[in-house]
Amino acid sequence: MRMKKGFFQDKTFLKNMLKLGVPIALQQLLYSVFSVVDTAMIAQLGADATAGVGLANRWFFFILLVNFGLIAGTMALVSQYWGIKDYKNIRRTTGISLMIGLGLTAVFTVFVFLIPRGMISVFADDAGMIEEGTSYLRMLGFGLILFSFNFVFSTSLKATETVKIPLIASICSILINVFLNWVFIFGHLGAPAMGVAGAALGTVISHGANSVIMVAAVKIKGHPLLRHISDYFSMTRTFAKKFFKVMTPALINEVVWVLGTMTYSVVLGRYGSVDYGAYTIFNSVEGMFFTFFIGLSGATSILVGKELGRGNIQTGWEYSVKALVFAPILAAFLGGIMIIFRYPVLGLMQIPDRELMDMSARLLLFYAVASPIRIIPYMTIVGIFRSGGDTMSGLWIDSVNVWLVGVPVTLLVGFVLKAPFIWAFLAMYSEDVLKSVMCIIIFIKKKWLNQLTYDSEVFLAESPALIEE
């Protein structure tokens with residue numbers, strides 16, 4: 001069957017994509033801008049502090065992606081149940097997600113408190129970097145539970161097309177974070193100068209503020225997510241089986257992928273504080289670039305999932321095709337902007353070391369060139385396949401390409417050949433071409449187009465009005 005309208009011709013699709021994607025992207029952009037500001041503040045403390053915080057954030061990235069794998073089940077089920085307005089199962093999905101997310105994060109937090117120095121030492125053997133990273137990670141541990149709650153709860157809100165509340169809560173928490181970083185890092189307003197530990201303390205407090213603001217706003221608005229809290233715990237064996245069938249491969253997928261990226265960090269961390277400091281700065285700026293695709297992917301997942309939940313399989317397919325075609329085009333456009341403005345952006349960070357700035361600029365240049373290819377796996381695995389509950393495809397695609405291509409090539413270049421830092425950085429991207437081809441093949445086969453609400457009482461009662469003619 002042919003598509004009825006193209007991306008820019010389908011006004012309804014475009015309107016909904018912008019309505020959902022812009023707030024999601026803006027929320028992530030604000031976090032990325034804060035990351036740049038945070039990195040700029042820490043960079044003033046020196047290369048050891050910058051690199052040490054970068055190493056600590058590798059572990060924060062780990063817990064982030066564990067939660068990201070968890071919310072694959074949350075996003076898929078909530079968006080599909082939202083399509084048929086099955087509020088009970090929306091709350092049930094949120095409840096099981098929170099229980100698992102908070103439980104896993106609590107276990108991770110115990111390790112942060114017991115062996116923070118050992119965790120940082122995994123990535124580097126430089127004493128200065130380890131000391132700074134340990135100080136940051138130990139303090140950050142107090143806020144990880146709050147972060148996990150915010151991540152899961154805001155995902156459920158977004159999946160119900162409630163994107164403004166998470167955005168407003170994020171804006172408030174980021175402003176609080178920037179102010180507290182200024183206070184605690186440098187010792188303003190009579191506070192002690194805590195250095196990197198002060199940056200972590202500001203982050204912990206801001207996570208708490210985010211939770212309070214978000215829950216209060218949802219309660220005031222009367223959103224169905226906070227009605228009948230008992231539904232959070234009304235689990236059935238059939239529902240749990242469905243949730244874990246979607247969530248478990250995605251969770252394993254994220255762990256497999258993040259372990260691969262942590263292996264990359266082990267290689268890059270051995271190059272010293274200047275090179276790894278440049279990589280830390282690169283990650284902050286690259287995060288701003290990537291926010292547009294988080295918004296695009298999130299909006300795609302919600303819109304496609306909503307249609308699949310209603311039984312509108314063809315509409316879900318058409319939406320996914322439009323989004324997948326648009327993503328590389330957007331990546332090429334934004335990549336060009338990054339190439340042109342990379343030095344002015346880095347200049348705003350007031351990086352004191354010219355060598356550090358030049359290396360950061362080179363990393364951004366290579367990333368911008370590769371971005372149209374790199375974005376395809378993200379859009380398909382996260383934004384499209386998971387909307388239909390297909391999390392197994394992403395698991396085996398990432399497993400093959402990260403561990404049989406990317407990691408071996410990076411280890412070879414970095415540890416065996418001992419090539420310059422820039423070659424080790426480029427080696428990480430060796431996985432992307434084959435991965436993109438595999439994703440496109442699976443996408444075309446359409447086996448990911450699954451309706452997860454077929455056994456919902458709401459769907460069974462209203463299906464004549466919901467199913468696409």
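Since we're looking at a predicted model, the values are computed, not measured.
Panel note: side chain R138, backbone S135; no donor-acceptor pair is recorded below 3.5 Å. The backbone N or O of A427 sits less than 3.5 Å from a side-chain atom of S430, completing a donor-acceptor pair. Side chain of Q27 to main chain of V163: no donor-acceptor pair is present (N/O by atom type, distance under 3.5 Å, no hydrogens or angles). With hydrogens and angles disregarded, no donor-acceptor distance shorter than 3.5 Å links the side chain of W317 to the backbone of K446. Checking side-chain atoms of S387 against main-chain N and O of I384 turns up a donor-acceptor pair under 3.5 Å. Side-chain atoms of T155 come within 3.5 Å of backbone N or O of F151 as a donor-acceptor pair. Proximity of a side-chain donor or acceptor of S399 to a complementary backbone N or O of W396 within less than 3.5 Å is not detected. Formation of a donor-acceptor pair under 3.5 Å by the Q451 side chain with backbone atoms of G309 is found in this model. Side-chain atoms of W403 come within 3.5 Å of backbone N or O of V256 as a donor-acceptor pair. Formation of a donor-acceptor pair under 3.5 Å by the T203 side chain with backbone atoms of A199 is found in this model.
Side-chain contact between F186 and N181 is absent, with no heavy atoms from C-beta onward closer than 4.5 Å. Contact check for M392 versus D390: side-chain heavy atoms found under the 4.5 Å cut-off. Proximity of I100 to F243: side-chain heavy atoms (C-beta onward) are separated by under 4.5 Å at one or more points. Two residues are said to be in side-chain contact when any heavy atoms from C-beta on lie closer than 4.5 Å; L167 and L26 meet this criterion. Looking at heavy atoms from C-beta onward, V402 lies in side-chain contact with V407 at the 4.5 angstrom threshold. T74 is listed as a side-chain neighbour of S156, based on a closest heavy-atom distance under 4.5 Å. Contact check for F443 versus M379: no side-chain heavy atoms found under the 4.5 Å cut-off. The shortest distance between side-chain heavy atoms of M428 and L268 falls below 4.5 Å.
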Q: Give the intermediate values and the outcome of side chain to side chain contact (heavy atoms under 4.5 Å, CB included) for residues L20 and E161.
A: CA-CA 7 Å; L20 297 174; E161 299 182 271; 3.9 Å; yes
Q. Given the rule in the side chain to side chain contact (heavy atoms under 4.5 Å, CB included) test, do Y319 and M17 qualify, once you have shown the distances and angles that lead to the verdict?
A. CA-CA 10 Å; Y319 282 0; M17 183 67 76; over 6 Å; no
Q | ring pair (Phe, Tyr, Trp, His ring centres under 6.0 Å) evaluation trace for Y271 with Y279 | A | CA-CA 11 Å; Y271 279 86; Y279 182 61; over 10 Å; no
Q.
Please determine whether side chain to side chain contact (heavy atoms under 4.5 Å, CB included) holds for the pair N67 and V152, giving the CA-CA distance in whole Å, both sets of side-chain angles, and the decisive distance to 0.1 Å.
A. CA-CA 7 Å; N67 279 273; V152 174; 4.1 Å; yes
Q.
One pair to check against side chain to side chain contact (heavy atoms under 4.5 Å, CB included): N253 and R386. What are the steps and the verdict?
A. CA-CA 12 Å; N253 184 179; R386 291 181 180 179; 3.4 Å; yes
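In terms of heavy-atom proximity, T300 sits nearest to A323 at OG1-CB, 3.3 Å. The shortest non-hydrogen separation linking I381 to D398 is CD1-OD2, 4.1 Å. When every heavy atom of S393 is checked against every heavy atom of I442, the shortest pair comes out as OG-CG2, 3.7 Å. What you find for L77 and L452 is that their closest heavy atoms are CD2-CD1, 3.8 Å. Among all heavy-atom pairs drawn from S211 and N150, the shortest one is OG-OD1, 2.6 Å. Residues W448 and S320 come closest through the heavy atom pair CH2-OG, 3.4 Å.
With values rounded to the nearest 0.5 angstrom, L434 atom CG is found 9.5 Å from C439 atom SG. A distance of 7.0 Å separates OG of S79 from CD1 of I302, quoted to the nearest 0.5 Å. Separation of atoms OH (Y276) and CG (L356) is listed at 13.0 Å; rounding is to 0.5 Å. If you take CG on L104 and CG on L144, they are separated by 12.5 Å, rounding to the nearest 0.5 Å. Taken from NZ in K418 to CZ in R270, the straight-line distance is 11.0 Å, to the nearest 0.5 Å.
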Donor-acceptor contacts, no H, no angles, side chain residues 110-118, under 3.5 Å, sequence neighbours left out:
residue	atom	partner	partner atom	Å
R117	NH1	E131	OE1	3.2
R117	NH2	E131	OE1	3.1

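At most 12 heavy atoms of other shown residues, nucleotides or ligands fall within 6.0 angstrom of atom CZ in F341. Residue-environment remark: OH (Y343) exceeds the threshold of 12 foreign heavy atoms within 6.0 Å.
Less than 6.0 angstrom separates the ring centroid of Y367 from the ring centroid of F289. For an aromatic pair to be called close, the ring centres must be under 6.0 Å apart, and Y429 with F366 fails this.
Between F293 and F290, the ring planes lie tilted relative to each other; the angle falls in the 30° to 60° range.
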